[in-house]
K.L.:
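Below is a structure I'd like to ask you about.
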Amino acid sequence: MQSVLITGGAGFIGQNLVHAWRAARPADRLVVVDAMTYAANVRSLEPLIADRSIQFVKGDIGDAALMHRLFDEHAFTRVAHLAAESHVDRSIADPEAFLQTNVLGTFTLLKAALDFWQAKAMIERARFLHVSTDEVYGSLDFTDPAFTEASPYRPNSPYAASKASSDHLVRAFVATYGMPALITNCSNNYGAYQHPEKLIPLMIIHALEGKPLPIYGDGSNIRDWLHVSDHCDALMNVIEHGRSGETYNVGGGNERNNREVVGLICETVDAAFAADANLAARFPSCPAASGGSCRALISFVTDRPGHDHRYAINASKLATELGSRCSVGFEDGLRRTVHWYLDHETWWRDVTSGAYKAWIDKNYGFRIAV
Ligand code: NAD
Ligand code: TYD
């Protein structure tokens with residue numbers, strides 16, 4: 001039985017991890033800490049909070065007193081650290097918050113964990129998993145081999161630089177203090193509960209509402225799409241069975257360019273409307289409601305500055321050492337994701353009211369058709 005802290009547990013991957021952990025390891029005690037930024041949503045966790053399957057704490061990982069108090073109260077033996085500012089476009093518009101949370105917040109959390117585990121002589125049996133991104137490795141050309149754990153760090157966005165800094169801090173804590181930490185660097189996740197400012201949910205929701213589907217630049221940028229359930233399985237495997245001090249890359253083995261991804265979303269939404277006559281009444285502005293295709297909504301707009309061309313992950317270390325392999329193919333995962341958003345309209349309508357509209361104006365208002 002472990003006492004587990006999950007930071008950022010009300011975010012996209014965090015919520016999925018909390019549910020996956022609860023199901024896989026029912027004996028563990030789970031505490032979630034989350035600052036409840038714009039990206040957080042606690043609704044899916046409410047039943048677990050109500051029946052005391054988890055304890056939820058609203059708080060900032062940069063609050064040293066709170067972090068020390070939580071360690072004293074719960075004597076955590078596992079930390080899965082996911083709390084972060086996570087959106088590249090927001091890091092371009094407003095980078096400060098990324099340094100505060102991703103760098104200083106990670107430092108504060110690391111220090112609280114180390115202080116507690118040293119004081120209680122728990123270093124040997126404790127584990128700290130730092131969840132990071134492939135974006136720290138920079139951008140690949142189309143013919144380059146995929147990123148390995150030995151690839152040099154070359155971050156290009158303020159987000160990637162802040163995550164790279166946090167990875168370096170974790171590495172330094174391992175080398176200097178013997179911190180029992182592991183790092184995972186994963187590719188783009190998709191699936192249930194992803195905030196609709198990210199590519200896949202944004203395109204699904206815009207398609208349903210008959211709004212333009214804004215592809216940055218010429219849409220040739222490639223990402224390696226990882227279903228969030230495969231990612232969560234890998235995280236639980238790494239924290240338990242990975243070698244302390246090591247880094248593991250986690251990838252989906254699903255490289256697609258943005259034109260392909262958006263095209264597939266359009267086909268999937270079109271097919272859903274063809275199969276279910278009720279959808280036309282629920283989403284009358286969607287082109288598929290009147291027999292057309294969502295592809296008509298695709299528009300190419302001003303590119304993101306510093307837009308990385310390609311990410312690709314070589315996940316063979318994870319497969320060879322720990323036996324973790326992805327099981328969700330991209331077409332299947334995307335179909336499941338489109339249907340999740342169709343089935344959770346109330347969830348995304350809530351998330352896209354209020355401040356979300358201001359973000360859409362800020363990020364898309366200046367972009368022109370190219
Ligand atoms: P997210 O933005 O959906 O969720 C992040 C969560 O962290 C939110 O609930 C937010 O409220 C919380 N948070 C932010 N600042 C905090 C603070 N100071 N204290 C406590 N909580 C705070 O992000 P996500 O997509 O779930 O990503 C989770 C982790 O995985 C991040 O570290 C991210 O860098 C990493 N990652 C994500 C992806 C992806 O495709 N989503 C890919 C690679 C790596
Ligand atoms: P995103 O989901 O923001 O993830 P990341 O930047 O971390 O990879 O974007 C994924 C890709 O989709 C990226 O190449 C940028 C592109 N993109 C668009 O073309 N249009 C959009 O509106 C968004 C949000 C992203």
Side-chain angles (χ1 to χ4, degrees), residues 6-17 32-42 45 57-63 66-67 80-92 97-98 100-102 104-106 108-109 130-136 139 156-157 159-160 162-163 166-167 184-191 193-203 206 212-226 228 231-232 235 250-252 256-259 261-262 298-304 306-311 313 351 359-360 363-364 367:
I6 299 182
T7 74
F12 159 47
I13 301 170
Q15 287 177 71
N16 281 282
L17 182 64
V32 171
V33 67
D34 197 295
M36 296 303 292
T37 69
Y38 78 93
N41 195 301
V42 84
L45 304 181
V57 179
K58 182 178 178 209
D60 189 329
I61 55 161
D63 179 345
L66 174 64
M67 292 304 110
H81 173 37
L82 291 93
E85 290 292 337
S86 71
H87 191 187
V88 173
D89 288 322
R90 285 188 189 255
S91 83
I92 294 168
F98 289 72
Q100 281 300 334
T101 287
N102 300 0
L104 296 176
T106 297
T108 303
L109 180 68
H130 176 63
V131 178
S132 190
T133 170
D134 57 2
E135 303 193 24
V136 299
S139 181
N156 291 319
S157 70
Y159 163 67
S162 69
K163 293 296 289 189
S166 63
D167 292 9
T184 51
N185 294 91
C186 71
S187 55
N188 288 61
N189 283 220
Y190 69 105
Y193 302 111
Q194 187 165 30
H195 192 281
E197 68 182 6
K198 301 282 173 73
L199 178 76
I200 288 179
L202 181 130
M203 295 296 175
H206 278 214
L213 308 181
I215 298 180
Y216 297 162
D218 65 2
S220 61
N221 308 69
I222 293 173
R223 300 293 184 261
D224 173 4
W225 292 97
L226 169 65
V228 67
H231 185 203
C232 290
L235 294 180
V250 190
R256 297 285 193 287
N257 72 37
N258 293 336
R259 280 195 309 269
V261 172
V262 176
I298 291 176
S299 84
F300 293 91
V301 299
T302 311
D303 208 352
R304 171 190 280 174
H307 195 172
D308 285 339
H309 266 298
R310 173 175 166 240
Y311 306 138
I313 286 272
V351 176
W359 166 251
I360 293 292
N363 191 45
Y364 295 94
R367 294 181 197 273

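Computed from a prediction, not measured in an experiment: that's the story for all the values here. In each ligand, atom 1 is the first atom listed, and ligand 1 is the first ligand listed. Quick note: residue numbers are just sequence positions, from 1.
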K.L.:
Taking atom CG of Leu109 and atom CG of Leu66, what is their separation to the nearest 0.5 Å?
P.N.:
10.5 Å
K.L.:
Just say parallel, tilted or perpendicular for the rings of Tyr216 and His307, cut-offs at 30° and 60°.
P.N.:
perpendicular
K.L.:
Checking the N or O distance criterion of under 3.5 Å, is ligand 2 in contact with Glu197?
P.N.:
no
K.L.:
Is any side-chain heavy atom of Ile360 closer than 4.5 Å to one of Leu202?
P.N.:
yes
K.L.:
Give me the nearest non-hydrogen protein atom to atom 13 (C) of ligand 2 as residue plus atom name, then the distance to 0.1 Å.
P.N.:
His307 NE2, 3.5 Å
K.L.:
Which of the numbered atoms in ligand 2 are under 4.0 angstrom from any heavy atom belonging to His87?
P.N.:
3 (O)
K.L.:
Output, in order, the C-alpha distance, side-chain angles, deciding distance and verdict of side-chain hydrogen bond (donor to acceptor under 3.5 Å, both in side chains) for Glu135 and Tyr311.
P.N.:
CA-CA 7 Å; Glu135 303 193 24; Tyr311 306 138; 3.2 Å; yes
K.L.:
Quick one: does Lys198 get an N or O within less than 3.5 Å of an N or O on ligand 2?
P.N.:
no
K.L.:
Could you tell me which atoms of ligand 2, counted from 1 in the order shown, lie closer than 4.0 angstrom to a heavy atom of Ile215?
P.N.:
19 (O)
K.L.:
Could you check whether Trp359 and His195 have their ring centres less than 6.0 Å apart?
P.N.:
no
K.L.:
Does any N or O of ligand 2 fall below 3.5 Å from an N or O anywhere on Tyr216, backbone included?
P.N.:
yes
K.L.:
For ligand 1, find each of its N or O atoms that sits under 3.5 Å from a protein N or O atom, and tabulate the pairs with distances to one decimal place.
P.N.:
| from | atom 1 | to | atom 2 | distance (Å) |
| --- | --- | --- | --- | --- |
| ligand 1 | 2 (O) | Ser86 | OG | 2.7 |
| ligand 1 | 3 (O) | Phe12 | N | 3.0 |
| ligand 1 | 7 (O) | Ala84 | N | 3.4 |
| ligand 1 | 9 (O) | Gly11 | N | 3.0 |
| ligand 1 | 9 (O) | Asp34 | OD1 | 3.2 |
| ligand 1 | 9 (O) | Asp34 | OD2 | 2.6 |
| ligand 1 | 11 (O) | Asp34 | OD1 | 2.6 |
| ligand 1 | 11 (O) | Thr37 | N | 3.0 |
| ligand 1 | 11 (O) | Thr37 | OG1 | 3.0 |
| ligand 1 | 18 (N) | Asp60 | OD1 | 2.8 |
| ligand 1 | 18 (N) | Thr101 | OG1 | 3.0 |
| ligand 1 | 19 (N) | Ile61 | N | 3.0 |
| ligand 1 | 21 (N) | Ala35 | N | 3.0 |
| ligand 1 | 23 (O) | Ser86 | OG | 3.3 |
| ligand 1 | 26 (O) | Phe12 | N | 3.3 |
| ligand 1 | 26 (O) | Ile13 | N | 2.8 |
| ligand 1 | 32 (O) | Leu82 | O | 3.0 |
| ligand 1 | 32 (O) | Val131 | O | 3.4 |
| ligand 1 | 32 (O) | Lys163 | NZ | 2.7 |
| ligand 1 | 34 (O) | Tyr159 | OH | 2.7 |
| ligand 1 | 34 (O) | Lys163 | NZ | 3.1 |
| ligand 1 | 40 (O) | Asn189 | N | 2.8 |

K.L.:
Is any side-chain heavy atom of Thr101 closer than 4.5 Å to one of Ile61?
P.N.:
yes
K.L.:
Below the 3.5 angstrom mark, is there an N/O of Asn221, backbone or side chain, next to an N/O of ligand 2?
P.N.:
no
K.L.:
What atoms in ligand 2 come closer than 4.0 Å to a heavy atom of Val88?
P.N.:
6 (O), 7 (O)
K.L.:
May I ask you to identify the nearest protein heavy atom to atom 7 (O) of ligand 2, giving residue, atom name and distance to one decimal place in Å?
P.N.:
Glu135 OE2, 2.6 Å
K.L.:
Closest non-hydrogen protein atom to atom 2 (O) of ligand 2, residue and atom name please, with distance?
P.N.:
Leu199 N, 3.0 Å
K.L.:
Checking Ser220 now: which residues fulfil side-chain hydrogen bond (donor to acceptor under 3.5 Å, both in side chains) with it, not counting sequence neighbours?
P.N.:
Asp218
K.L.:
I need the single residue from Val262, Val261, Asp224 that forms a side-chain contact (heavy atoms from CB on, under 4.5 Å) with Arg256. Which is it?
P.N.:
Val261
K.L.:
Please walk me through it: do Tyr38 and Arg90 pass side-chain hydrogen bond (donor to acceptor under 3.5 Å, both in side chains)?
P.N.:
CA-CA 12 Å; Tyr38 78 93; Arg90 285 188 189 255; 3.2 Å; yes
K.L.:
For His130, which residues count as a ring-ring contact (aromatic ring centres under 6.0 Å, His included) partner, sequence neighbours excluded?
P.N.:
His81
K.L.:
Would you say ligand 2 has an N or O under 3.5 Å from any N or O of Leu202?
P.N.:
no
K.L.:
Please give me the minimum heavy-atom distance between Ser91 and Tyr159, naming the atom from each residue.
P.N.:
OG-N, 3.0 Å
K.L.:
Who's the nearest protein heavy-atom neighbour of atom 22 (O) of ligand 2, and how far?
P.N.:
Tyr364 OH, 2.5 Å
K.L.:
Return the closest protein heavy atom for atom 20 (N) of ligand 2 as residue, atom name and distance.
P.N.:
Pro214 O, 2.8 Å
K.L.:
For atom 1 (P) of ligand 2, which candidate among Arg223, Met203, Arg304 provides the closest heavy atom?
P.N.:
Arg304
K.L.:
Report the C-alpha distance between Asn185 and Asp167 in whole Å, list the side-chain angles of each, state the deciding distance to 0.1 Å, and finish with yes or no for side-chain hydrogen bond (donor to acceptor under 3.5 Å, both in side chains).
P.N.:
CA-CA 9 Å; Asn185 294 91; Asp167 292 9; 3.1 Å; yes
K.L.:
Quick check: Asn188 and ligand 2, any N/O pair under 3.5 Å apart?
P.N.:
yes
K.L.:
Of Asn258, Val301, Val261, Asn257, which has the heavy atom at the shortest distance from atom 11 (C) of ligand 2?
P.N.:
Asn258
K.L.:
Would you please say whether a donor-acceptor pair under 3.5 Å links the side chains of Asn16 and Asn189?
P.N.:
no
K.L.:
Sequence neighbours excluded, which residues qualify as side chain to side chain contact (heavy atoms under 4.5 Å, CB included) partners of Ser139?
P.N.:
Asn156, Asp308, His309
